[in-house]
Each structure stands twice: as structure tokens, then as C-alpha cells.
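Right, one structure below, let's go through it.
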Amino acid sequence: MSKYSPREIEQFWYQKWEENNYFAPSGSGEPFSIAIPPPNVTGTLHMGHAFQHSLVDSLVRYKRMSGKNTLWQMGTDHAGIATQMLVTEQLATQGIKPSDLGREAFVDKVWEWKEQSGGTISRQLRRLGASLHWETERFTLDAGLSRAVREVFVRLHEEGLIYRGKRLVNWDPVLKTSLSDLEVESEEEQGHLWHFRYPLAGDPDRFISVATTRPETMLGDTAVAVNPEDKRYKDLIGKEVMLPLADRPIPVIADHYVNMEFGTGCVKITPAHDFNDYDVGKRHELPLINILNEDATLNDDVPGKYRGMDRFEARRAVVADLDALGLLEQIDDHVMAVPRGERSGVVVEPYLSDQWFVKAAPLAEPAIKAVEDGDIEFVPRNTENIYFAWMRNIQDWCISRQLWWGHRIPAWYDTDGNFYVGRSEEEARQKHGLSPDLKLERDPDVLDTWFSSALWTFSTLGWPEQTKELATFHSTNVMVTAHEIISLWVSRMIMMTLKFVGEVPFRKVYIHGLVTDANGQKMSKSRGNGLDPMDIIDGISLDDLVAKRTSNLMQPRMAKRIEKATRKEYPEGIMAYGTDPLRFTLYSIASQTRTLRFDMKRIEGYRNFCNKLWNAASFVSSNIAGHESELADTDIELSDVDHWIISELQRTTAAIHLAMDTYRFDLASRALYELVRDEFCDWYLELSKPILNSDQSTDARKRGTRQTLARTLESILRLAHPFLPFITEQLWQQIPTTVRDSGDTIMLQPYPADDESLINRDADSNINWLKQVVTGVRNIRGEMDISPVKEVPIMFFNGNDQDRERLERYTTLLRFLIRPESMTWLSSEDDKPLAATALVGDMELLVPMGGLIDKDAELARLDKEIDRREKDRGRTEGKINNPDFVDRAPADVVQKERDKLQELESALRKLNEQRASVAAI
RNA sequence: GGGUGUUUAGCUCAGUUGGGAGAGCGACGGCCUUACAAGCCGUAGGUCGCAGGUUCGACCCCUGCAACACCCACCA
């Protein structure tokens, strides 16, 4: 058999699977379904995707093999803002502005772009081995989903759960659109707190000092507020101050919102440009003065000199002008949270505009209850707190975006500004009895991308049609996603799905951690520490990696640093590891912590693991070659070694089932790793060699071992398939059909079930004894620097009948594993030569010193053994001598300690005797 | 300000109802032993963040503290 080479097998098998439609639901059995969190149609696969989809794929393959009617629904998201920005940038390189094209032509361009680049993410998902049902792939802007969106919008509007209104919203002045709270990211930045004096109206010599972080907004102030309890300003309440620069009188009002301790205790109130001030303004019926244009330049409602200035330019001008008037009192450094648009990165403005909103509270109520009642379970459990915290304090959701790419809002306006909602213009006219002559214009806005995403689990299955798919696969079983998506998406799916389907979108929500780089840093373009899963699968040269990480940076000056760090970390670039090793690495780090560090060192280990599995299969294959026909024979004899590995297989199988059922992918992968490496390869394959090669073994026993080799390997492959889909398929194909099912793919084989009755405790304890003997000898060899191939006499003393019986039974195996020159059973103390010793229970294992063994080294070794046991004895004695322990601890625990003490004392006695005789040389 | 999580070997992390502290990587030593040097064998290394408490017994349960991380929130 050739060497393990992922590249050669992975693409081949995926294609085969897809051609044969193996990803389709079987149509029989209990349904199991998962809807993919739709990736951006024009996006590429990042490490977070690779992680998430690897987890889901293992789950899907596991359930499919377990006989479930399994659907992993594929689809992509139109990603309004992200995609529009991307295409806008593309056009900019050709010197084209969206406004040059106009709406329709621009949207056509986006569709073109989607057709052209939309295949990337799908290709990458295939490379990852994701067993998605491609045939029913959906797109959030396709006809069916658009229909679902209109249906939901109209019905919510009819119920008064969608409304239009002028509100203060988050405004992105570069994209010129509103954003929801969740699309705004606040980060602490160094800023200033300016203190200004506002002179009292009619008393220009008296001032009131206000503190602000945003001086330019003072042009829109409509009041100054103080705390009603604040004695300093009590007399000013109800009076007026003259707003400088604007020269408008504004009132001094009292409101508990004002914190007396902060700043000067006086707050300028700008209702049109601050969310708090907006609320204060409402309470006091203050006028709202909007001073900004859509692009955050100052509008005509400010004094002439500031008109048209950018907000930051205006800030400098206002500060300078107030200073010139002697009204600038002081400037403090001040750290504050600055809100920025998640996509554009620019500072977002609270901005007064007409928008559409979803009234969230009524929808949230049943959604909260569904989780409280356990209809939906969060895993790990405590992540439901994030959900509850968000839902119990939910605010209305601004769903309109001033973009061109997205679901256009199904509302039409007449020339008087009245609007009419309907599934179509015809319906809107009909519903409102409008004359056909009335001129209507459709609302130019589109819906927040998350609005269509919220309908994902059911719209992809055909809703509003009551399809068979919807009946079969909804509710879906589990949603696998990250923390930050809980509010953004999970909560909205739950609300919308309960509302329109009357059932939960999924029964479980598995929340996984965030994959970071090896240092725990979030992977990002700007940090230049991102790893592309494709580069790990296919490999990449250092120069290409550097080029990739330093191109298109928002801050080009970072390029040098990124290049340096990259060259240091990957001096040889990244070699091609293949998908299976990447996946296995991802499972192994999937513990239930918040951040998961991806370290290239680990993938190397798991690549080696795959290689080992490959070589083990090659060993099995060469040992059964020529014996294929007898592999199904019943005329066989199983040795203890065979029984033991079969036991191990059962235990691991049970452990993996438990792990998968509790979403512990890390424990599942580890159990598999340990079985394959530590038991199957390190012990079983080694022990099978003497059985197969010795004249002492009967043919029936050899047949038994060949059969166990083949069957165990075959089971391991099925067990491992959900995690390592490609290598397992490749190796499984090479298993003779006398051992495996004659099916065409491992994908559709039954997943192994554990069978308690196949656990053979006698064989287990025998093999355990055998391992101890072998380990004892290896330890002496290792410590005494005796070459593993140097044959030495080995003696046994003080063993019981069982030891003796086992020695005889396993002579052949022992000869192979410990390479004795001779094996002697000593019957009397007097026969004991001076020797290095190991203990196996009460039995002493001796390697005579005759020139081989260094006295001091052996003394050191014995001291170590003695010391270890003495410490243990101390602890154990302490317990036994504690009457409280003996009285109160369960009898079996006490007995266990007593037995242990006895063993320790016996061992110590022997070791000390041994030490004395060695020391006497 | 509120919330959640983390703290176990040099590094990254397991530790499933409280009953003898584990793995991988790294380190060190020895081996080309006929599946595998992408390998094999062996060894060292930890007052389980700190301080209390409950218990016969605590990495595990309770209280307090500290450090770090993340999420949410309107302190101008």
C-alpha cells in the first residue's frame, strides 16, 4: 500500500459521495435535521466556519450512520451590508460609483458578482468534507424565501407588530443607512471631556458649566439639565441660558438622569443626537433639532459658518470658537465608549429618521417561555443566561436599511406620504381600495439581513407552503453556533418561528467557543494572524502567506509587522496537512471553554495520528492477504489478546456515544485517539505478531487473530468516520467483504454500537498483567541502559499459581515482547541472584546484574520506587488510623484502603530487601 | 455598572454524581525492534490561583478575595 497522502484521497471521495447522492436524507427512520447557519454567499471559509461545520458534520454523519433520516440543509445568505460594500469596492477599482449605475443596474452587478464568486464557499465546504444536502440548497434572496419574507412582513404589520416611525436610530454616515444595536460595536477609546460655560440669559456675567465629549452637538442643544436634588443649581432650574454660537435661549431643566458626581453636574441636552438626551427630551417635551445631514456633515439648522462642515471639523471649530469667546473652561482626558459600525468601522451617529421597526416584546414573551419550559435547551446550560438577559430587556428592532441589496420592503407610498403594505402592489391597492390611477412608489429601503435569516429553519423547507419537508424536518434538532450569535440570530429565529410555525426552530442550541490563534488572540485580517483552513489543507508557501496577510489591509502600515511575525512563525510556510487532520484537531480543541486556541503544533500530531491509522491498516491488510476467504469462518479460536481488544473496542464505543450525545467532541476524539494509538497499535498489533508468526499457535487461533485484526480495524474505521471521513472511507474500501458489509460506502454503514456482553473481564485482567510484566522489563532496560535488542535472562519469584499459569500461557508473547535470553521461575529465595527488580503484584521480576547493571543506577531506581510507595503508605495509614474515617466512610472504601495498605507494605518489604542486597555488593 | 467564564505539569487543556492528580506538545535518556523515524521504548515535572468553611475525606460543594478573558449596558 502506498503512503498516506490526504490530497490523493480527499477530493476523490467527496466527488464520489456527491455523485451518488449519499448526502440526501434516506427517507426512512426517525428524522434528524440541522440547518446550516448560512454563510455569506460571497464569503470565504474562515477558521470559525471550519470549526463549526466540522462539528456539525461529525454530528450529521454520526446520526446518518445511526439510521436517522438525516438532513443537513444547505444555504447561503445575501448579507446585505457586507455584500453591498464588497461590490461597491469592486466597482471603485474600475472608477465606478453605485450612483453612476443607479439602483437596478447596481443590483444586477451584485447578482453578477454573486454568480461569479458565490461558488467559493460551496467549494470550500466540500473540501472540508461537509455532508450537506446540496440538492435543496437555498439562498436568502431566492424566490421562495422572498415570498416567506413578504408573508411574514405583511402579517406582522397587519397585527401591529411592525410599524413605521421617526425615531433616533444608529446611523452609519458612510454607508448612509440605519443599523440595529447589534450591528454597532462600542470600544473604549481615548477622548476628551470639554467643559464649557453657557451664560445665563439676561445675566451674561453668570455662567453654568456643562461637560461634554461631543462639542459639535451643542449646536443642537435644546436644554441644560441638572439633578433636582443638586443644591448647587437649585436656583437655576426654570431659568434660561443663552446657547453660545447659536444664540438661542434654552431652558435649565431638572431630571434625575443627571449624575451629580460626574463632570460639572450639568448636562447639555441634545435630543436629536444622543439616546439619553432623546429620552430626557421626550420627558420634558423639548424640541428636537437635527443638525446633521446623512453623511454627518452639518446641515442648515446651524449658524452659517458651520454649514457643510464634517462633524469632526465642526468639533474643532466649535471648541476654537468657544475658546475665543472665553467660554472654554477646561479640557480633561477621558476614556469613553465610541460606537462604530461593525462593517464600515466608522463612528456611528444617533440620527433621527423614518424607519420600520418590529415590536419585539410581544414576540419575545413566548420565546422566553420556550426556553424556560425546556422546549429549547442550551448546551452548555449556562449560555441560556445570555439569551434571557437579552430577551427580557429586548428593545424594538429597527429592520429597515437604506441599501439597495436585500429584500425590498413591501410598502408603497402615495404622493401625500401615506403608505400601504401588501404582498404586492396589487394587493396593497386592493386591500386599501385605491384607485388604479393613484400614483404609488415603493419604499426604497430593504430589510435587515437578519430579518430573512430569522425565518431560516422553516423558509428553507418551503414555508409558507405546508410541504412534506417542513412536516418531516421541522423543528430541526440542533443549532450549532457561537456566543455572539445568540442575540443576533438565535433569539430572532425563536421568536419568528414560534410566531409563524407554532413550534420551536430547534430543540437544542449548542454554543461553542471562539477559535483563536495559538496566543489566544482573535484571528483577524487587521491583526494579520488569521489562518485560512484551505491553507492548512492544501499548504501554502511563506511568500504567498505573507502576501495574503498583508494585502488589502485597512492600515497598510501594519504590513511590516505582520510580515515579520509571519516569517518568524512559519519560516517554511504551511505544509499541506489535509482535511482529516485539520478536522481532528478542531474536535480535539472543542472543549466547553470560551476561547479555543488553534495551535499548528497540534495538527502535526493529528496528521501523524492519521498516518498511524493508515499504517496500521496496511499492517492488517498485509497480514490478512491471502486469507480473505477464511475471515468469515466460525471455526476459530480467540485468544485473550483478541478478547481484550474486543473489550477495549466496546468501552471506547460507549464512551464515544456518550460524548456525541452530550456534544463533547473533544472527549469523543480523545477516546478514539487513545483506542487507536495506545491500545490497538501499541499493544494489539504488537501482540498479534507473535500469535501469527509462532509455530506454537494453532491455525484456528491464527484465524481468530486475523479475523479480530480485520474486524476491529473495520469497526474502528466506522467509529472514526464522522471525524475522519476521508481516510476512513479509503481504508474501509480495502477491507475484504468477508469482514465488512458489501455496501459501496462507509458513509451509510451502521455506526458501531457497544455490546456489554463482549467485554471479557478475565481476558482484560490477564492482558493487564501481561502489560505490567512487559512494562516492568522495559523500565529496567530503559533505566539501566540495556538495549532493547540485547537478550537478558529474566527471572520470576514469589508469584502465585495464577502468575505461574499466566507465565506459561503467555510465554510466546513474552518472548517476543521482552526478548529474554531465558525465562526462569525461581522457587526459593536462595536461588535469587543479585538483580534489578520490578514488582507485578506480589511477583518479583528480576533481571540479574551480571555485568549489565550499574549498582548506583539500580539503587537510585529502587529509591525512587520506595519513595513513591512510602508517600502513598503515609497517606493510606493516616486514613486507616483515623477512627472517624473507619467509622463513617462506606465499608467498601475502607476495605479498599486496607487492601491497598497491605499491598504497599508487602511491596515496600520486598523493595527494601532488594535495596539491601544491592547495597551490599 | 451588571453578567458569564477561566485559573490543574514549562505550554495547551481533560478530569461525568466528593474516595489513589491525567493527556498532548515540549524537555531529557535510549533505540533504524520485519505497519509506521510523520516511528518505538523509557524518565522527569504539579502545596490543582489565594484564604476560609462544610465533610471521616475537597481539584470537585459553600463563602470571600485576586488576576485574566469575554458579553451586555445610556454615565454626559
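Just so it is clear: chains get the letters A, B, ... in the order the sequence lines come, proteins before strands, and each one is counted from 1.
- At a threshold of 4.0 angstrom between heavy atoms, the contacts of A:Ile386 with the nucleic acid are absent.
- Residue contacts for A:Cys610: at a heavy-atom cut-off of 4.0 Å it reaches no nucleic acid atom on any strand shown.
- A:Lys601 comes within 4.0 angstrom of sugar-phosphate atoms only, judged by non-hydrogen atoms across all strands, and of no base.
- Residues satisfying the side-chain contact (heavy atoms from CB on, under 4.5 Å) test with A:Thr593, not counting sequence neighbours, are A:Ser591, A:Leu596.
- A distance-only check finds no donor-acceptor pair linking the side chain of A:Arg815 to the backbone of A:Glu821 [under 3.5 Å].
- When rounded to the nearest whole Å, the span between CG of A:Leu687 and P of B:C41 equals 12 Å.
- Which of B:U12, B:A38, B:A44 sits closest to the side chain of A:Arg602 comes down to B:U12.
- Out of B:A35, B:G30, B:U12, the shortest distance to the side chain of A:Asp785 is found at B:G30.
- For A:Glu783, taking side-chain heavy atoms from C-beta onward, the closest of the listed nucleotides B:G42, B:G3, B:A38 is B:G42.
- The pair A:Glu791-A:Arg819 does not meet the salt-bridge criterion, since no charged nitrogen lies less than 4.0 angstrom from a carboxylate oxygen.
- For B:U33, the OP1/OP2 oxygens have no side-chain nitrogen or oxygen of A:Lys689 closer than 4.0 Å.
- A cation-pi contact, defined as under 6.0 Å to the ring centre and within 45° of the axis, is absent between A:Arg677 and A:Trp614.
- One finds a side-chain N or O of A:Thr593 lying less than 4.0 angstrom from the OP1 or OP2 phosphate oxygen of B:A14.
- Of the listed nucleotides (B:G24, B:C36, B:G42), B:G24 has the atom at the smallest distance from the side chain of A:Tyr673.
- The residue A:Ala616 sits close to a base: some heavy atom pair falls under 4.0 Å.
- As rounded to whole Å, 18 Å separates atom P of B:C31 from atom CD1 of A:Ile780.
- Closest to the side chain of A:Asn259, from the set B:U33, B:A76, B:G19, is B:A76.
- Taking the side chain of A:Asn382 as heavy atoms from C-beta on, and the options B:G5, B:U12, B:A35, the nearest nucleotide is B:G5.
- Between A:Asn393 and B:A73, a side-chain N or O to OP1/OP2 separation shorter than 4.0 Å is absent.
- Proximity of A:His334 to the phosphate of B:A76: a side-chain N or O atom is located under 4.0 Å from OP1 or OP2.
- Counting only heavy atoms from C-beta on, A:Asn779 has its side chain closest to B:G42 among B:A76, B:G20, B:G42.
- With respect to the salt-bridge test (charged N to carboxylate O, under 4.0 angstrom), the residues A:Glu679 and A:Arg651 do not qualify.
- Taking the P atom of each, B:A58 and B:C50 are spaced 15 Å apart, rounded to whole Å.
- Contact annotation for A:Arg873: no contact, since no heavy-atom pair falls under 4.0 Å across all strands.
- Remark: the separation of the P atoms in B:G45 and B:G39 is 26 Å, to the nearest Å.
- Residue A:Asp682 is classed as a sugar-phosphate contact, given heavy-atom separations below 4.0 Å to backbone atoms only.
- Among the heavy atoms of the strands, none lies under 4.0 Å from A:Ser787.
- The side chain of A:Arg778 lies closest to B:G42, out of B:G29, B:A35, B:G42.
- At a threshold of 4.0 angstrom between heavy atoms, the contacts of A:Arg781 with the nucleic acid are absent.
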message = Both atom distances under 3.5 Å, Watson-Crick or G-U wobble: I'd like the secondary structure of RNA chain B as a dot-bracket string, with | for pairs made across strands.
response = (((((((..((((.....[..)))).(((((.......))))).....(((((..]....))))))))))))....
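- For the pair A:Arg898 CZ and B:G20 C1', the interatomic distance rounds to 17 Å; values are reported in whole Å.
- A:Arg677 has a side-chain polar atom (N or O) that falls below the 4.0 Å cut-off from OP1 or OP2 of B:C40.
- In this structure, NZ of A:Lys879 is placed 7 Å from C1' of B:G20, rounded to the nearest angstrom.
- Using a 4.0 Å heavy-atom cutoff across all strands shown, A:Leu667 reaches sugar-phosphate atoms only and no base atom.
- A:Gly513 comes within contact range of no nucleotide atom at all, as no heavy-atom separation falls under 4.0 Å.
- Comparing B:A76, B:G5, B:G20 by their nearest atom to the side chain of A:Val267 picks out B:A76.
- Contact annotation: A:Arg815 side-chain N/O to B:U33 OP1/OP2 distance is not under 4.0 Å.
- The listed nucleotides are B:A76, B:C36, B:A38; the one nearest the side chain of A:Thr213 is B:A76.
- The C1' atoms of B:U7 and B:U12 are separated by 14 Å, rounded to the nearest whole Å.
- If you check every strand for non-hydrogen atoms under 4.0 Å, A:Phe262 touches a base.
- Using a 4.0 Å heavy-atom distance criterion, A:Val258 is classed as a base contact.
- A straight line from NZ of A:Lys871 to P of B:A21 spans 13 Å, rounded to a whole angstrom.
- Here the options are A:Arg778, A:Arg861, A:Lys864, the test is side chain to side chain donor-acceptor pair (under 3.5 Å), and the partner is A:Glu783; only A:Lys864 passes.
- To the nearest whole angstrom, the two C1' atoms, one in B:U16 and one in B:G52, are 28 Å apart.
- Judged by distance alone, with hydrogens and angles left aside, the side-chain atoms of A:Thr270 form no donor-acceptor pair with the main-chain N or O of A:His273 at under 3.5 Å.
- Each of A:Val318, A:Leu322, A:Leu328, A:Ile331 was checked for a side chain to side chain contact (heavy atoms under 4.5 Å, CB included) with A:Pro215, and the lone residue meeting it is A:Val318.
- Comparing the P positions of B:G2 and B:G64 gives a spacing of 14 Å, expressed to the nearest Å.
- For A:Arg670 and A:Tyr673, the positive end is not near the middle of the six-membered ring at less than 6.0 Å and at most 45° from its axis.
- Residue contacts for A:Lys900: at a heavy-atom cut-off of 4.0 Å it reaches a base atom on one of the strands shown.
- Note on ring orientation: taking the six-membered ring where Trp is involved, the planes of A:Phe262 and A:His334 are perpendicular (angle over 60°, cut-offs 30° and 60°).
- Atom CD of A:Gln895 and atom P of B:G57 are 21 Å apart (whole Å).
- Checking A:His256 against A:Asn227 by side-chain atom types alone, no donor-acceptor pair falls below 3.5 Å.
- As judged by a 4.0 angstrom heavy-atom cut-off over every strand, A:Pro890 is placed among the base-contacting residues.
- For A:Arg594 against B:A69, no side-chain N or O and base N or O form a donor-acceptor pair under 3.5 Å.
- One atom, CG of A:Asn519, and another, P of B:A69, lie 14 Å apart when rounded to the nearest Å.
- Between the C1' atoms of B:G19 and B:C59, the separation comes to 13 Å (whole Å).
- Dashed line: the shortest gap from a side-chain N or O of A:Arg664 to OP1 or OP2 of B:C13 is not under 4.0 Å.
- When the side-chain contact (heavy atoms from CB on, under 4.5 Å) test is applied to A:Ala360, the partners found at least two apart in sequence or on another chain are A:Ile394, A:Asp396.
- With rounding to whole Å, A:Met336 atom CE is found 18 Å from B:A73 atom P.
- Contact annotation: A:Arg670 does not reach the phosphate of B:G24 (side-chain N/O to OP1 or OP2, under 4.0 Å).
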